[in-house]
Amino acid sequence: MNYHPKSDFMRVMFERGFVADCTDYQTLDEALLKGVVPGYIGFDATATSLHVGSLIQIMMLRWLQKSGGKPIVLMGGGTTKIGDPSFRAEERPLLTDAQINSNIEGIKRAFSPYVRFGEGATDAVMVNNAEWLDKLNYIGFLRDIGRHFSVNRMLSFESVKSRLDREQSLSFLEFNYMILQAYDFLELHRRYGCLLQMGGSDQWGNIVNGVDLTRRVIDGEVFGLTSPLLTTSDGKKMGKSQSGAVWLNGDMFSPYEFWQFWRNTTDADVGRFLKLYTELPVAECDRLGALGGSEINGAKIVLANAVTTLLHGAEAAAAAEATAREVFEKGGIGDDLPTVTLEAGELAEGVGIVQLFVRAGLAASGKDAKRLIAEGGAKVNDEIVTDTGLRYGASHLVEPMKLTAGKKRHALVVLG
């Protein structure tokens, strides 16, 4: 891309690696120079927390606000009832209204550390698309909105085409999702003057539909901007750890675990992640990412501290680093480690070692825990465990028990 942006927001997006595609680079750049641009990203409420795979989008909203734009956080209270079929092999399980509302309450907590909400011109707002989608009249919607969509074109989008090419069922319910997402953009433009929709590159087709629909219905000029779908240098999807999803809510994934996830970043990803997930100057990100040998470990600590500080605060980041130093360098037991609390009642017959590793989040399943033990990667109080049938009772928990998976992941088991 030879385009050289003039606005602060687009300059940051290019310099830090946020840009995959844009519907019109130059005109969007000019709009950003003229005044406040409201821009939105949608988040469906499929779980009680977002995970780290959504963090690149949250950072885009943060940079939009820092550069003078207005972030709109769109909660998919309506679209979650259908589920986005983009690049999925099968239909998402349908959730009840109560489950969706509960999930939205949990997800909201992830945004306040990153964007400022309020009534000002550049203050963020959070909107639920159930406000308009739940009230739609089916016949009226088909007549007013549906007529602007070509089924031939919808079938050509990669998210749909890939599903059909694999002869995997795509329900009519899911097929409607892209129409509803396009309608969201139109509605946000009407209500808030929204000019920009952002999202991952898997959302490109849905975003283009919204741009086209807004132009067709009210002759409005709006824009789409997508970020790359992020994978780690070893090909893994961003957002997953060995023990499962890396949740943003601290009660589902502790600040220490979050810090440790970033500390364990692969060497080749350090510079790129510093640009995307921190606010360190680009030159400093490049310098740290280019370090070699043992020096790269220091860069990983900088990354872990910076990302954890943004989400959980400087105090939590400092506590996580101190715990890591105590555990890894001194062989001690840190106060901030993830902790499993066992009650005396459940210890009467003993708790199995496999169950402990799963409950501590050090293994994703019993099968995963057994494999870890078989491969010599499981330790209890720094001693390698080889027997998957071991059971522990109250007498074993006079002092906290330290569980270790591999070299870097630890947890405590204590008696409640």
Side-chain angles (χ1 to χ4, degrees), residues 18-24 28 38-46 50 53-54 56-58 60-61 64 71-92 127-133 136 141-142 144-165 168 170-192 194-218 220-230:
F18 283 96
V19 177
D21 280 299
C22 181
T23 53
D24 187 336
L28 172 58
Y40 93 94
I41 299 178
F43 300 87
D44 276 347
T46 53
L50 298 175
S54 298
I56 189 169
Q57 271 74 54
I58 296 174
M60 291 172 83
L61 290 173
L64 179 66
I72 299 173
V73 179
L74 180 68
M75 301 307 304
T79 42
T80 303
K81 295 172 185 175
I82 293 177
D84 184 359
S86 298
F87 298 96
R88 291 182 60 85
E90 57 189 24
E91 189 171 352
R92 292 181 186 272
V127 186
N128 187 337
N129 63 13
E131 289 179 25
W132 52 84
L133 295 183
L136 287 178
F141 184 71
L142 288 179
D144 297 337
I145 302 300
R147 66 189 180 88
H148 294 290
F149 288 82
S150 160
V151 171
N152 305 61
R153 186 162 185 253
M154 291 167 73
L155 290 171
S156 72
F157 285 114
E158 190 59 35
S159 58
V160 173
K161 190 170 178 289
S162 61
R163 185 97 155 252
L164 298 179
D165 287 347
Q168 291 165 330
L170 179 71
S171 72
F172 180 70
L173 181 70
E174 294 176 285
F175 193 57
N176 275 273
Y177 186 94
M178 66 176 72
I179 300 178
L180 295 180
Q181 184 170 329
Y183 184 69
D184 282 344
F185 201 173
L186 171 63
E187 196 65 29
L188 287 171
H189 182 65
R190 283 170 167 162
R191 293 179 180 222
Y192 297 95
C194 185
L195 296 178
L196 173 65
Q197 181 183 175
M198 299 179 286
S201 58
D202 60 335
Q203 295 298 311
W204 178 248
N206 292 336
I207 291 173
V208 168
N209 274 331
V211 171
D212 288 346
L213 180 66
T214 304
R215 176 180 53 81
R216 289 172 183 270
V217 175
I218 56 175
E221 185 173 38
V222 294
F223 308 95
L225 177 69
T226 60
S227 61
L229 279 186
L230 208 61

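Computed from heavy atoms alone, side chains included, the values below leave out hydrogens, waters and symmetry copies. Just so you know, residue 1 is the first one in the sequence shown, and it goes up from there.
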- Looking only at non-hydrogen atoms, find the nearest pair between Ile72 and Leu61 and report the distance. O-CD2, 4.2 Å
- Item | Close aromatic pair by centroid cut-off 6.0 Å: Tyr192 and Tyr40 | no
- Message: Nearest 0.5 angstrom please: Tyr183 OH to Leu133 CG, how far?
- Response: 7.5 Å
- Query: Residues in side-chain hydrogen bond (donor to acceptor under 3.5 Å, both in side chains) with Trp132, at least two apart?
  - Reply: Asp184
- Measure the shortest side-chain to side-chain distance between Thr80 and Thr46 over non-hydrogen atoms and say whether it is less than 4.5 angstrom. yes
- Task: Please identify each residue that fulfils side-chain contact (heavy atoms from CB on, under 4.5 Å) with Ala182, with sequence neighbours left out.
- Result: Phe149, Asn209, Leu213
- Inter-residue atom distance Asp44.CG - Leu50.CG, 0.5 Å rounding: 10.5 Å
- Query: Say you draw a straight line from NE2 of His189 to CD of Glu221; how long is it, rounded to the nearest 0.5 Å?
  - Reply: 9.5 Å
- Is there a side-chain contact between Phe43 and Ile58 (heavy atoms, below 4.5 Å)? yes
- Query: Which atom names give the shortest non-hydrogen contact between Ser201 and Ala20, and what distance separates them?
  - Reply: CB-CB, 4.2 Å
- Query: Below 4.5 Å, heavy atoms only, C-beta onward: do Asp212 and His148 meet side chain to side chain?
  - Reply: no
- Item | Pairing residues for Glu131 by the salt bridge (charged side-chain N to carboxylate O under 4.0 Å, His left out) criterion, not counting sequence neighbours | Arg191
- Answer whether the closest heavy-atom distance between the side chains of Val127 and Met75 falls below 4.5 Å. no
- Would you mind reporting whether Trp204 and Thr23 have side-chain heavy atoms less than 4.5 Å apart? yes
- Query: Do Ile41 and Leu74 come within less than 4.5 Å of each other through their side chains, counting heavy atoms only?
  - Reply: no
- Are Gln197 and Gln181 linked by a side-chain donor-acceptor pair shorter than 3.5 Å? yes
- Note on the structure: For Leu196, the side-chain contact (heavy atoms from CB on, under 4.5 Å) test, sequence neighbours excluded, returns Phe9, Leu28, Val37, Met198, Phe223, Leu225
- Note on the structure: Across all chains, not counting sequence neighbours, the side-chain hydrogen bond (donor to acceptor under 3.5 Å, both in side chains) partners of Ser227 are Gln57
- Those residues at least two apart in sequence (or on a different chain) that pass side-chain contact (heavy atoms from CB on, under 4.5 Å) with Asp144 are none
- Query: Atom CG in Leu136, atom CD in Glu187: separation rounded to 0.5 Å?
  - Reply: 8.0 Å
